[in-house]
A.B. asks: 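Here it is, the structure in full.
These numbers were taken from a predicted model, which means no experiment stands behind them. Below, chains carry the letters A, B, ... as their sequence lines are ordered, and counting in each starts from 1.
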There are 2 protein chains.
Amino acid sequence: MRYYKIPNETIRRLPIYLRALLIVTQQGKKEISSQELADLLTVKSTQIRKDFSFFGDFGKRGVGYDIEELVMHIKKILRLRDVRKAALVGVGNLGSAVLAYPGFKMYGFDIAAAFDCDCNKVGRKVKDIIIEDASNIQALKKHKIDIGIIAVPKDAAQQTADALVKAGVKGILNFSPCYIDVPKSIKVITIDIATDLARLSYYMPAR
Amino acid sequence: MRYYKIPNETIRRLPIYLRALLIVTQQGKKEISSQELADLLTVKSTQIRKDFSFFGDFGKRGVGYDIEELVMHIKKILRLRDVRKAALVGVGNLGSAVLAYPGFKMYGFDIAAAFDCDCNKVGRKVKDIIIEDASNIQALKKHKIDIGIIAVPKDAAQQTADALVKAGVKGILNFSPCYIDVPKSIKVITIDIATDLARLSYYMPAR
DNA sequence: CTTTGTGAAGTCCTTCACAGCC
DNA sequence: GGCTGTGAAGGACTTCACAAAG
């Protein structure tokens, strides 16, 4: 194996592979061939082998891949092996759904703090976390939290982002349907269902 | 302009352009150049012009594009011009967040029905919609609803999908972190934040 | 002078074809 | 026989460079 740069498209597929592998692990499977994995996803088996070849060759010819080893490698590439602490801002419906979502833990994220500006919510306990007042966001500097999750109404998104940046986060997951402006050393990922919705529409037959 | 096939990647970017255009429209802007749009997004201006050129040439040289016209064209390509009716299944935190999300309307989707299997919720009214019992999903056949939104716990996802297919939907938006099996004429889009999370992790500096 | 529209060149990614190994 | 690993070929998308138009 040569140490080529890993293509962006491969990085985009790794989480998809990871999810599938975690699901089949729960079903008790120990090994998987590129063909079996391909059947679960909409990807060709040669594509999968090529992708895996970028970070080592650990498949067994005639057999397939050891799932546990594969999961470990993918997590390493995606830097998911160490638990990363995240803070949630906005505990409305969306924020609550985020708190309840099991995927965070599965991917090595730990939501360690939650903030809201509604005094009725402040002090309430959700999943072992006490909701704090949003004006205390800067406090998370002490907690080694490096990810902020924005789940507030869009008019409050920018000021929330500013507060999070001030508090020292390095990455932001933004659920508000708007652009937010941050220093370019901060990585922002905006999740907007609308873009997926539009794709659903395109690929669906007309009524 | 020649009628080439529109590249997949262009289709993927169109919703992103659309969102940006809708945002600047709200700010009162009437025309925009490819460079201005590029500055808002992480895309090169030549890319934008090339993308737009696939579906006609309606830019004014020396000026830019008429935003209203552009929005109309993109909506046409993405088949978003006619309102599509959707049914939501599962009115928990996530489902409630979905109901409250303004993006649906903006993109021509109308959530016209909601279902849940919790009898405490059935009968309650949310945003002009009365929550119906999940066993009545087949009833939506009468309502010309062709999209189903799955926001139920993952163990109930497959049976919900089966019921929706039986009820005649043509597309499914799946928020459950699992694969669902449907006839291949049905388009399914699974939204799993975990994949975005993993990308956030990869592009963030190590702790 | 600004900005679009577009062939051509360049880059990146996917698929093929098959050698190598279990 | 079955499946991985990979150079090479092929295909898709992006960027360049510049002509054409307001």
A.B. asks: To the closest 0.5 Å, what do you measure between CD1 (I193(A)) and CG (L200(A))?
C.D. replies: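 I193(A) CD1 to L200(A) CG: 12.0 Å, rounded to 0.5 Å.
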A.B. asks: Counting N and O atoms only, with roles assigned by atom type, does the side chain of S201(A) sit under 3.5 Å from a partner on the main chain of L78(B), one being a donor and the other an acceptor?
C.D. replies: yes
A.B. asks: Going by the ring-ring contact (aromatic ring centres under 6.0 Å, His included) test, which pairs reach into residues 60-97 of chain B, not counting sequence neighbours?
C.D. replies: F52(B)-Y65(B), F58(B)-H73(B)
A.B. asks: Considering only heavy atoms, which members of residues 43-51 of chain A lie under 4.0 Å from some atom of DNA chain D?
C.D. replies: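 The answer is R49(A), K50(A).
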A.B. asks: Once you round it to whole Å, what is the distance between P of dT4(D) and CZ of F52(A)?
C.D. replies: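 Nearest whole value for this atom pair: 10 Å.
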A.B. asks: Measuring from atom OH of Y101(A) to atom CD1 of I111(A), what distance do you get when rounded to the nearest 0.5 angstrom?
C.D. replies: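 Nearest 0.5 Å value for the OH-CD1 distance: 11.0 Å.
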A.B. asks: Would you kindly give the CZ-to-P distance between F54(B) and dC13(D), to the nearest whole Å?
C.D. replies: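 From F54(B) CZ to dC13(D) P: 8 Å.
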A.B. asks: Any pair with a residue in residues 38-53 of chain A that passes salt bridge (charged side-chain N to carboxylate O under 4.0 Å, His left out), sequence neighbours left out, goes on the list, sorted by first then second residue, please.
C.D. replies: R13(A)-D51(A)
A.B. asks: For K105(B), check side chain to side chain contact (heavy atoms under 4.5 Å, CB included) against everything at least two apart and list the hits.
C.D. replies: none
A.B. asks: I need the F104(B) CZ to I147(B) CD1 distance, nearest 0.5 Å.
C.D. replies: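 If we round to the nearest 0.5 Å, F104(B):CZ and I147(B):CD1 are 9.0 Å apart.
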A.B. asks: Run the side chain to side chain contact (heavy atoms under 4.5 Å, CB included) check on I129(A) and L88(A) step by step: do they pass?
C.D. replies: CA-CA 10 Å; I129(A) 303 164; L88(A) 171 71; over 6 Å; no
A.B. asks: If you look only at pairs with a residue in residues 60-77 of chain B, which of them pass as a salt bridge (charged side-chain N to carboxylate O under 4.0 Å, His left out), with sequence neighbours excluded?
C.D. replies: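 Found E31(B)-K60(B).
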A.B. asks: What side chain to side chain donor-acceptor pair (under 3.5 Å) pairs are there with at least one residue in residues 161-175 of chain A, not counting sequence neighbours?
C.D. replies: Q158(A)-D162(A), N174(A)-T190(A)
A.B. asks: Listed by chain and number, what are the ring-ring contact (aromatic ring centres under 6.0 Å, His included) partners of Y202(B), not counting sequence neighbours?
C.D. replies: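 Here no residue qualifies.
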A.B. asks: If I take atom CZ in residue F55(B) and atom P in nucleotide dT4(C), what distance separates them, rounded to the nearest angstrom?
C.D. replies: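 Roughly 14 Å, once rounded to whole Å.
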A.B. asks: Name the pairs: protein N/O against N/O of nucleotides 9-12 of chain D, kept only if under 3.5 Å.
C.D. replies:
none

A.B. asks: Does anything in residues 178-197 of chain A form a salt bridge (charged side-chain N to carboxylate O under 4.0 Å, His left out)? List the pairs, not counting sequence neighbours.
C.D. replies: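 Salt bridge (charged side-chain N to carboxylate O under 4.0 Å, His left out) check on residues 178-197 of chain A returns D192(A)-R19(B), D196(A)-R199(A).
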A.B. asks: Do any of residues 25-39 of chain B sit with a heavy atom less than 4.0 Å from DNA chain D, and if so which?
C.D. replies: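 Hits under 4.0 Å, by residue number: none.
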A.B. asks: Please report, rounded to the nearest Å, how far the P atom of dC22(C) is from the CG atom of D57(A).
C.D. replies: 11 Å
A.B. asks: Let's see if you get this right: which residues in residues 61-78 of chain B place a heavy atom under 4.0 Å from DNA chain C?
C.D. replies: R61(B), G62(B), V63(B), G64(B), Y65(B)
A.B. asks: Would you list the pairs meeting ring-ring contact (aromatic ring centres under 6.0 Å, His included) in which at least one residue belongs to residues 131-180 of chain A, sequence neighbours left out?
C.D. replies: none
